[in-house]
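Structure first, then comments.
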Amino acid sequence: MKRLFLLAFVLIPIISSASPKYWIYLKNKDLNAAPAVSPLTLENRQKLGLALSDDMDLPIKKDYEQSLREQSVNIINRSKWLNAVSAVMTSEQAMKVRQLDFVQDVVQIDPGFYIARTQPIEKAQMAPVMSQVQANAFLKEGITAKDVTIGVIDAGFYGADSSLSLSQIFSNDRILGIRDYVKPGRAGDLLFSTAESFSDMHGTEVLAAIAGIDYQDQIQYGMATNAKFYLARTDYSLREYRGEEDNWIAAMEWMDSLGVRLINTSLGYAKGFSDPRENYTPSQMDGKTSAISRAAQIASDKKGIMLIVSAGNEGDDKSWGIVSAPADAKGVLSVGATNGKLWNRIGYSSTGPEFLPYVKPNVSCFSLYGTSLSAPVITGFAACLLQANPRLSNKELLKLIERSSHLYPYGNNYIGYGVPQASRALALAKAPYLPDNAKLINAKGRTCDVEVTSQDSLVAIYRKKNDKDVLSQQVAKVQNGKISLKRQNNEKFTTIDLRDYVVEVEWN
């Protein structure tokens, strides 16, 4: 069977006369209402030193909802974090709702929601990433994410219950809950038996990359083989809106209310295809503009949630190129994709916007089939670390994964801090420091010879205009234990990636 190794979004604009969807932002809440979260959520927050609850945990005011219904507004979802409801309305209805005294703002929801699509997984192609991130280091210590709960927000989970690589999850009843936000009220089990498009298998592939293992052939796909899961379907590719921002936020709030601390999502906002005035632009990937990124930051800052997101597959798209929301949010762990041999950026993997003051993506790992599968690999990695040290907060865990990565501290906007290494991460989980695997060299003039220790004749280098933004990604030769560099125009730093250690050259 012929296989296609090109990963791409299918950007097919579907014109529809249906009314668009809007966020209706409300002015206040009932401060006497009870927080809409579980006792486990409050217990987790207490352990992490977070506020037990705040006004973001309070539900939407019922009388506001009633007033909107009296205006014939069809409410779809509610967000207590944003104090907003989503609704399908005509433009005339939207104008009238804006005039209501309890409404703060009405904003059309951007339709450009894309799945970081993949081809079906082949066993032989998952093996390299397990070796790359040192998955065996977890296995040697018996770490399999036991007692860790993971939320997965995706497009569909068709066939998950019959997948050989996921059999240990289903046979041990480790799917704790399922919600379908695309078709509310439908039985959750139908997610496993109903397929309407290719997207309905996407979440199954993601789940396998987090926790899959084939005991018959002794092949490991993911690291969190003993984790428990909540699953949410938020995207439906067959309608005019290929995904729903409000569904995603509702799923996040549901998982938070249940006490879930670790969530994976391989969905993201990039370019839209309806009214261009309503679309996001690359300049808006600032971690603050989109509702989905603002919700992701709330999850990080206020709720103690570790959110791991695929960076996006627009790296080769000259009209976009950068990460999509919510991968732009500072508080999430955004994951890019690398080549298998040199560990440098694979062409499709989205880069971080140069205008961001922080590094995006945060880390990367090998994936032939998109950041959809690199993000869940790192989610399994994070789950193993939570088993090793359950006291880690989400921010401590994010920083630990960055510090365990092979380029740290010399990250860049191509692959972040590089590929996380399980041996380093486990050491960091037990102690606050590691032996230094980085070296800084000051170079004068236009040329520099750097002595290196490497068994490889070719290594990746990154030429940078500042301490994070890459001018170009190249391959350098190691000759007689040295790499000869010639400074390019506007080059201020050069990162030499030797995998076992990293050399940073600062040009003076």
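Everything numeric in this text was worked out from a predicted model, so none of it was measured.
Between the Asn362 side chain and the Ser334 main chain, a donor and an acceptor come within less than 3.5 Å of each other. Between the side chain of Tyr230 and the backbone N or O of Ile178 there is no donor-acceptor pair closer than 3.5 Å. Ser364 places a side-chain N or O within 3.5 Å of a backbone atom of Ile415 that can act as its donor or acceptor partner. With Ser171 contributing its side chain and Ser167 its backbone, the two residues share a donor-acceptor pair below 3.5 Å. In this structure, Gln387 contributes its side chain and Ala145 its backbone to a donor-acceptor pair below 3.5 Å. In terms of modelled atom types and a separation under 3.5 Å, the side chain of Ser350 and the main chain of Glu314 share a donor-acceptor contact. Between the side chain of Asn394 and the backbone N or O of Ser300 there is at least one donor-acceptor pair closer than 3.5 Å. Formation of a donor-acceptor pair under 3.5 Å by the Asn413 side chain with backbone atoms of Thr351 is not found in this model. Between the Arg174 side chain and the Phe229 main chain, no donor and acceptor come within less than 3.5 Å of each other. Looking at Glu141, its side chain never comes within 3.5 Å of a backbone N or O of Ile143 through a donor-acceptor pair.
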* **Derivation and outcome, side-chain contact (heavy atoms from CB on, under 4.5 Å), residues Ile175 and Leu231** => CA-CA 8 Å; Ile175 301 297; Leu231 309 179; 4.0 Å; yes

* To do: I would like to know whether Asn247 and Asn77 meet side-chain hydrogen bond (donor to acceptor under 3.5 Å, both in side chains); could you show each step before the answer?
  => CA-CA 7 Å; Asn247 289 347; Asn77 280 309; 2.6 Å; yes

* **Working for side-chain contact (heavy atoms from CB on, under 4.5 Å), residues Val332 and Lys360** => CA-CA 10 Å; Val332 311; Lys360 290 291 173 182; 3.9 Å; yes

* To do: Output, in order, the C-alpha distance, side-chain angles, deciding distance and verdict of ring-ring contact (aromatic ring centres under 6.0 Å, His included) for Tyr462 and Tyr410.
  => CA-CA 10 Å; Tyr462 303 89; Tyr410 301 117; over 10 Å; no

* To do: Check the pair Leu166 / Thr204 against side-chain contact (heavy atoms from CB on, under 4.5 Å), numbers first and verdict last.
  => CA-CA 9 Å; Leu166 298 173; Thr204 304; 4.2 Å; yes

* **side-chain hydrogen bond (donor to acceptor under 3.5 Å, both in side chains) assessment of Ser293 paired with Lys288** => CA-CA 6 Å; Ser293 292; Lys288 302 174 183 177; over 6 Å; no

* To do: Take Met223 and Val133, measure what side-chain contact (heavy atoms from CB on, under 4.5 Å) needs, and give me the verdict at the end.
  => CA-CA 10 Å; Met223 284 167 273; Val133 300; 3.7 Å; yes

* Report the C-alpha distance between Arg233 and Asp200 in whole Å, list the side-chain angles of each, state the deciding distance to 0.1 Å, and finish with yes or no for salt bridge (Lys or Arg N to Asp or Glu O under 4.0 Å). => CA-CA 9 Å; Arg233 179 195 186 206; Asp200 292 307; 3.3 Å; yes

* Working for side-chain hydrogen bond (donor to acceptor under 3.5 Å, both in side chains), residues Gln168 and Thr225 -> CA-CA 8 Å; Gln168 84 284 0; Thr225 54; 5.6 Å; no

* To do: Could you walk me through whether Glu245 and Trp23 pass the side-chain hydrogen bond (donor to acceptor under 3.5 Å, both in side chains) test, one step at a time?
  => CA-CA 10 Å; Glu245 179 182 76; Trp23 280 119; 2.6 Å; yes

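Taking CH2 of Trp81 as the start and CZ of Arg294 as the end, the distance is 13.0 Å to the nearest 0.5 Å. Atom CZ of residue Phe192 and atom OG of residue Ser162 lie 10.0 Å apart, to the nearest 0.5 angstrom. The distance from the CG atom of Leu52 to the OG1 atom of Thr41 is 11.0 Å, given to the nearest 0.5 Å. Taking OG1 from Thr495 and CG from Leu407, the interatomic distance works out to 7.0 Å, rounded to the nearest 0.5 Å. Expressed to the nearest 0.5 Å, how far CG of Leu333 lies from CG of Asn264 amounts to 10.0 Å. In this structure, Gln473 CD and Tyr414 OH are separated by 6.5 Å, a value rounded to the nearest 0.5 Å.
Between Val363 and Val419, every side-chain heavy-atom pair lies at or beyond the 4.5 Å cut-off. Under the 4.5 Å side-chain criterion, counting only non-hydrogen atoms from C-beta, Ile378 is in contact with Pro420. Residues Leu392 and Leu400 are in side-chain contact: their nearest non-hydrogen atoms beyond the backbone lie under 4.5 Å apart. Taking the side chain as every heavy atom from C-beta outward, Trp320 and Pro282 approach each other to under 4.5 Å. Counting only heavy atoms from C-beta outward, the side chains of Val148 and Lys228 never approach each other to under 4.5 Å. Using a 4.5 Å cut-off on side-chain heavy atoms (C-beta onward), Cys365 and Ser374 make contact. Between Lys395 and Asp301 the shortest side-chain heavy-atom distance falls below 4.5 Å. The closest side-chain heavy-atom distance from Thr379 to Leu262 is below 4.5 Å.
Side-chain contact of Gln421 with Ser404: a donor-acceptor pair under 3.5 Å is absent, judged by distance alone. Under the 3.5 Å distance criterion, with hydrogens and angles disregarded, a donor-acceptor pair is assigned to the side chains of Ser79 and Glu253. Judged purely by distance below 3.5 Å, without hydrogens or angles, the side chains of Thr289 and Asp286 pair a donor atom with an acceptor atom. Using a 3.5 Å distance cut-off with no hydrogens or angles, the side chains of His202 and Ser266 do not pair a donor with an acceptor.
In this view, Glu396 satisfies the salt bridge (charged side-chain N to carboxylate O under 4.0 Å, His left out) rule with no residue, not counting sequence neighbours. Legend: residues meeting side chain to side chain contact (heavy atoms under 4.5 Å, CB included) with Ser349, ordered by chain and number and at least two apart, are Ala337, Arg345, Ile346, Thr371.
For Lys183, the NZ atom is densely surrounded, since the number of other residues' heavy atoms within 6.0 Å is greater than 12. Counting heavy-atom neighbours within 6.0 Å of Lys146 NZ, excluding the residue itself, gives a total of 12 or less. Around the CD atom of Gln46, the shell of radius 6.0 Å holds no more than 12 heavy atoms that belong to other residues, nucleotides or ligands.
In this structure, the ring of Tyr181 has its center no less than 6.0 angstrom from the ring center of Trp248. Annotation: Tyr408 is in aromatic contact with Tyr417 [ring centroid separation under 6.0 Å]. Phe138 and Phe381 have their aromatic ring centers within a separation under 6.0 angstrom.
Between Asp246 and Lys21 there is a salt bridge, with a side-chain nitrogen of the basic residue lying less than 4.0 Å from a carboxylate oxygen of the acidic one. Using a cut-off of 4.0 Å between Lys/Arg side-chain N and Asp/Glu carboxylate O, Lys302 and Asp57 are scored as not salt-bridged. Using a 4.0 Å cut-off between charged side-chain N and carboxylate O, Asp55 and Lys80 make no salt bridge.
Under the side-chain contact (heavy atoms from CB on, under 4.5 Å) test applied with Ile263, the options Ile308, Asp256, Leu307 reduce to a single match, Leu307. With Thr234 as reference, Leu267 is the one residue of Thr265, Asp180, Leu267 to meet the side-chain contact (heavy atoms from CB on, under 4.5 Å) rule.
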